[in-house]
Amino acid sequence: MEENKNQEQTINTEELKKETAEAVNQVKDTIKNVDIKNDAKEATGFVKSMFKDPFATIKNIADDSTNKTFKMAIIFVAIWMIAEFLGAIIPVVTSRYWTGSLAVERIFRIIKYTIAPVLSILVLSGIVYFTNKENKKSMITTITSISIAKIPVILASVVSLITLISSNASPVTSRFSGFCSVVSIILVYFSTKALCGEEQNSKFIKKFVIIYAIYYVVSLIAYYLGLYI
């Protein structure tokens, strides 16, 4: 019994290493083949199709073993990171206080805000991947699906940059961000449901609650460690 358990853990470890290596290599290949002009047009078209039929889009992504949408996912996460970077660095650059230990603290703060989108995607994708035992999809497929489901949050992050120009826009952008967060959670729900191959909402909702409960516990721990996800 103990031997079988150890063997299963070894297999899971090897599987995780393989999936991680594959994801890293695919990210590298995707970045090398980036064509800003064409990819921008493709991303715009993808967003339009996403708004027309979001549920069919995320289901197709979850069921696609070729991971042809992975490039789009990387582009959207990159846009999210840029928006968070600008939102963190512009107030610092325009501030009068940029010396000594305060400068170092602010640099680390900018770094933490910039990498937060990636950490958020990886943590949630990892939880979905490990809890999906019956109909496991590849790590790349899982990351792609979760990233695409986060498009409303990414849009909200970009729109929130308006507050850097005028603080009067804050009431509008904060409410818009709240709305986008709700929409994103709904999309993540259906994306995760498609990844798990579950058809009935009554059976899946408990699992989804557990997934998000784990995610919020991890995010709380990360917060106390000085990371924001």
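Everything numeric here is computed off the predicted structure, so don't read it as measured data.
- Between Y212 and F208, the ring-plane angle classifies as tilted under the 30° and 60° cut-offs.
- A distance-only check finds a donor-acceptor pair linking the side chain of N60 to the backbone of A56 [under 3.5 Å].
- Cluster annotation: I111 is not connected to Y223 through the hydrophobic network of ILVMFWY side chains, with a link wherever side-chain heavy atoms come within less than 4.5 Å.
- At least one donor-acceptor pair closer than 3.5 Å links the side chain of N132 to the backbone N or O of L195.
- Hydrophobic clustering (side-chain heavy atoms under 4.5 Å, transitive across Ile, Leu, Val, Met, Phe, Trp, Tyr) keeps I221 apart from L227.
- Both Y216 and V123 are assigned to one and the same hydrophobic cluster, defined by single-linkage of ILVMFWY side chains at heavy-atom distances under 4.5 Å.
- Between F46 and T69, some side-chain heavy-atom pair lies under the 4.5 Å cut-off.
- Between the CD1 atom in I82 and the CG atom in L161 there is a gap of 10.5 Å [rounded to 0.5 Å].
- S184 has its side chain within reach of V188: a pair of non-hydrogen atoms, C-beta onward, lies under 4.5 Å apart.
- Side-chain contact between T57 and M50: present, with at least one pair of heavy atoms (C-beta onward) separated by less than 4.5 Å.
- Side-chain contact annotation: S138 with Y129, donor-acceptor N/O pair under 3.5 Å absent.
- The distance from the CD1 atom of I127 to the CD1 atom of I210 is 12.0 Å, given to the nearest 0.5 Å.
- Formation of a donor-acceptor pair under 3.5 Å by the Q200 side chain with backbone atoms of S202 is not found in this model.
- In terms of modelled atom types and a separation under 3.5 Å, the side chain of N201 and the main chain of I205 share no donor-acceptor contact.
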Audit row: C180, F176, side chain to side chain contact (heavy atoms under 4.5 Å, CB included) steps and yes/no: CA-CA 6 Å; C180 288; F176 180 69; 3.5 Å; yes

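- Nearest heavy atom pair, residue L164 against residue G87, reads CD1-CA, 4.1 Å.
- Hydrophobic clustering, with ILVMFWY side chains joined whenever heavy atoms are under 4.5 angstrom apart, keeps L122 apart from V217.
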Residue pair F55, L187: steps toward the side chain to side chain contact (heavy atoms under 4.5 Å, CB included) verdict: CA-CA 7 Å; F55 301 125; L187 293 180; 4.1 Å; yes

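- Residue K59 places its NZ atom among 12 or fewer non-hydrogen atoms of other residues, nucleotides or ligands, all under 6.0 Å distant.
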Verdict with supporting geometry, F204 and Y189, ring-ring contact (aromatic ring centres under 6.0 Å, His included): CA-CA 9 Å; F204 181 72; Y189 171 84; 5.3 Å; yes

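- A 4.5 Å side-chain heavy-atom check between M72 and F76 finds at least one atom pair inside the cut-off.
- Across all their heavy atoms, I162 and A169 have their closest contact at CG2-CB, 3.8 Å.
- Separating the CZ atom in R109 from the CD1 atom in I89 is a distance of 13.0 Å, to the nearest 0.5 Å.
- Put simply, I61 and I186 are part of the same group of oily side chains (I, L, V, M, F, W, Y) that touch within less than 4.5 Å, one to the next.
- Shown here for F51 and L155, the closest heavy-atom pair between the two residues is CZ-CD2, 4.4 Å.
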Y228/Y113 under ring-ring contact (aromatic ring centres under 6.0 Å, His included): CA gap, chis, key distance, verdict: CA-CA 7 Å; Y228 311 113; Y113 271 99; 5.1 Å; yes

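- Proximity of a side-chain donor or acceptor of T114 to a complementary backbone N or O of I110 within less than 3.5 Å is detected.
- Among I75, T144, T141, the one residue that satisfies the side-chain contact (heavy atoms from CB on, under 4.5 Å) test with F70 is T144.
- Listed here is the closest heavy atom pair of P152 and A149: CD-O, 3.5 Å.
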Residues V153, S157; criterion side chain to side chain contact (heavy atoms under 4.5 Å, CB included); working and verdict: CA-CA 6 Å; V153 174; S157 183; 5.6 Å; no

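- Atom-to-atom distance recorded for I121:CD1 and T142:OG1 is 11.5 Å, nearest 0.5 angstrom.
- Listed for the S166 side chain is no donor-acceptor partner under 3.5 Å among the backbone atoms of T163.
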Side chain to side chain contact (heavy atoms under 4.5 Å, CB included) evaluation trace for T192 with I146: CA-CA 8 Å; T192 308; I146 298 300; 4.1 Å; yes

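- Taking NZ from K137 and OG from S65, the interatomic distance works out to 9.0 Å, rounded to the nearest 0.5 Å.
- For L220, the CG atom counts as densely surrounded, since its 6.0 Å shell holds more than 12 non-hydrogen atoms of other residues, nucleotides or ligands.
- Counting only distance, with no hydrogens or angles, the side chain of K207 and the backbone of T131 share a donor-acceptor pair below 3.5 Å.
- Taking NZ of K193 as the reference point, atom OG of S145 lies at 13.5 Å (rounded to 0.5 Å).
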